[in-house]
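Positions are given from 1, in the same order as the sequence printed here. Ligands are counted one by one from 1 in listed order, and the atoms in each one are counted from 1 as well.
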Amino acid sequence: MNNREKKIIVGNWKMNPPTIMEARRIFGGAKRAASKIRRAEVVICPPFIFLSALAQSAKNSRNISLGVQNIFWETAGSYTGEISPTMVLSTGAKFTIIGHSERRILGETDNQVAKKAVLALKLGLRTIICIGENSRDEKGEYLNFLKNQIKNSLQGVSGKLLENLIIAYEPVWAIGGKEAMRPGQVEEMGIFIRKILADIYEQEAAMKLSILYGGSVDAKNAEAIVYQGNVQGLLIGRQSLEPESFKAILEVM
Ligand code: PGA
């Protein structure tokens, strides 16, 4: 994997902003910023309810796509309150995040993450599976935790489905915090994760997968995380809701 390939910059809006008007404004900023850059593709993941409106605005614009923050593991049926990947695709959105730590805290299991990933990948959604340890310990138990989480979250994802798979490494302790992980550590973790992926799949396939970093990324640390940390992109929470900061992040890619 070399540094010259296009980076993937994903904005995860979470349960923000409060109104469709605000959503349009923030998305407009991202769209303008994305149209001016060459070295990254931009993905915005708003709440489902804003997806259709923003899809209109995303049509015909270059370098920006839409994604969602979660999907269900069936295409249709009696599942009150759930949204299927087929529905997501029908809006023109191309990506889905799955297994974000904020969903795992609410009870989402590795098994559910895997079921969602298998269906999303089969249907052709570009699928960003989030993984990451909750905390660190001196004995390095967190590495075992991560290994199990990766293996279990990819259960049933066969080598044939890897084309649209993206891994987002988000150490939970760095999400919504003050400081991101240092680039050197990001690089180490990227190597560790790729090694686990090479255990599950072929070495060559594992080398081709994109790994993103997420957790307190901002305009000051983004460049070093990507280029020294040697990751293929970023998953950005808070700063993706601030058009000026998001633009500044895109400009250093
Ligand atoms: P943050 O969130 O950038 O606000 O830390 C990242 C994420 O949860 O994806």
Side-chain angles (χ1 to χ4, degrees), residues 7-18 22-23 26-27 29-30 33-34 40-48 50-51 64-71 93 95-108 113 116-117 120 125-136 142 146 149-150 153 165-183 185-186 189-190 193 210-226 229 231-253:
K7 304 298 178 194
I8 305 169
I9 308 297
V10 185
N12 174 15
W13 285 4
K14 309 189 179 182
M15 201 172 72
N16 301 293
E22 265 292 277
I26 300 167
F27 188 73
E41 63 169 315
V42 180
V43 183
I44 298 295
C45 300
F48 288 120
F50 300 145
L51 201 57
I64 192 160
S65 336
L66 285 162
V68 292
Q69 302 166 17
N70 179 36
I71 43 131
F95 287 76
T96 184
I97 297 171
I98 297 181
H100 190 280
S101 64
E102 286 156 12
R103 296 205 52 83
R104 291 179 185 266
I105 288 169
L106 294 176
E108 190 159 297
V113 171
K116 291 176 178 190
L125 267 176
R126 295 179 71 187
T127 300
I128 304 162
I129 297 190
C130 298
I131 48 138
E133 75 279 7
N134 297 315
S135 59
R136 294 221 151 183
Y142 68 94
L146 202 54
Q149 191 188 46
I150 295 171
S153 302
L165 177 67
I166 297 164
I167 302 290
Y169 171 57
E170 299 205 295
V172 178
W173 49 269
I175 296 176
K178 284 207 184 93
E179 271 189 69
M181 186 180 247
R182 289 193 312 277
Q185 260 182 317
V186 171
M189 292 309 293
I193 292 163
S210 292
I211 300 179
L212 316 185
Y213 167 82
S216 297
V217 172
D218 60 27
K220 286 196 223 87
N221 60 28
E223 185 176 12
I225 290 175
V226 168
V231 284
Q232 289 69 55
L234 299 166
L235 183 49
I236 303 170
R238 286 158 294 166
Q239 299 299 309
S240 69
L241 290 155
E242 304 288 339
E244 282 309 310
S245 305
F246 195 61
K247 176 167 173 260
I249 294 171
L250 295 183
E251 283 170 354
V252 295
M253 288 301 119

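No part of Gln239 comes within 4.0 Å of ligand 1, judged by heavy-atom distances. Residue contacts with ligand 1, taken as heavy atom pairs separated by less than 4.0 Å, involve Ile175 via backbone and side-chain atoms alike.
The shortest distance between side-chain heavy atoms of Ile97 and Asn70 does not fall below 4.5 Å.
Interface of Gly176 with ligand 1, defined as ligand atoms under 4.0 Å from a residue heavy atom, comprises 1 (P), 5 (O). The atoms of ligand 1 that sit less than 4.0 Å from any heavy atom of Leu235 are 9 (O). Ligand-side atoms of ligand 1 in range of Ser216: 1 (P), 3 (O), 5 (O), range being under 4.0 angstrom from any heavy atom. Interface atoms of ligand 1 facing His100, defined by a heavy-atom separation under 4.0 Å, are 7 (C), 8 (O), 9 (O). Ligand-side atoms of ligand 1 in range of Gly215: 5 (O), range being under 4.0 angstrom from any heavy atom. Proximity to Arg238 (heavy-atom distance under 4.0 Å) selects the following atoms of ligand 1: 1 (P), 3 (O), 4 (O), 5 (O). Close approach of ligand 1 to Asn12 (heavy-atom distance below 4.0 Å) involves ligand atoms 9 (O).
Sequence neighbours left out, the pairs with a member in residues 235-244 that pass side chain to side chain donor-acceptor pair (under 3.5 Å) are Ser216-Arg238, Gln239-Ser245.
Remark: Glu179 CD is loosely packed, at most 12 non-hydrogen atoms of other residues, nucleotides or ligands lying under 6.0 Å away. More than 12 heavy-atom neighbours from other residues, nucleotides or ligands sit within 6.0 angstrom of CZ on Arg136.
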Next on the checklist: Checking Ile166 against Ile129 for the side chain to side chain contact (heavy atoms under 4.5 Å, CB included) test, could you report, in this order, the C-alpha distance in whole Å, the side-chain angles of both residues, the deciding distance, and whether it holds?
Outcome noted: CA-CA 6 Å; Ile166 297 164; Ile129 297 190; over 6 Å; no
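With hydrogens and angles left out, the side-chain atoms of Trp13 and Gln69 include no donor and acceptor closer than 3.5 Å. Using modelled atom types and a 3.5 Å distance limit, the side chains of Arg126 and Ser210 yield no donor-acceptor pair.
For the pair Lys7 and Glu41, the salt-bridge criterion is not met [side-chain N within less than 4.0 Å of a carboxylate O].
Looking at atom 7 (C) of ligand 1, its nearest protein heavy atom turns out to be Glu170 OE2, 3.2 Å. The nearest heavy-atom contact from the protein to atom 3 (O) of ligand 1 is Gly237 N, 2.9 Å. Annotation: atom 2 (O) of ligand 1 to nearest protein heavy atom, Lys14 NZ, 3.3 Å.
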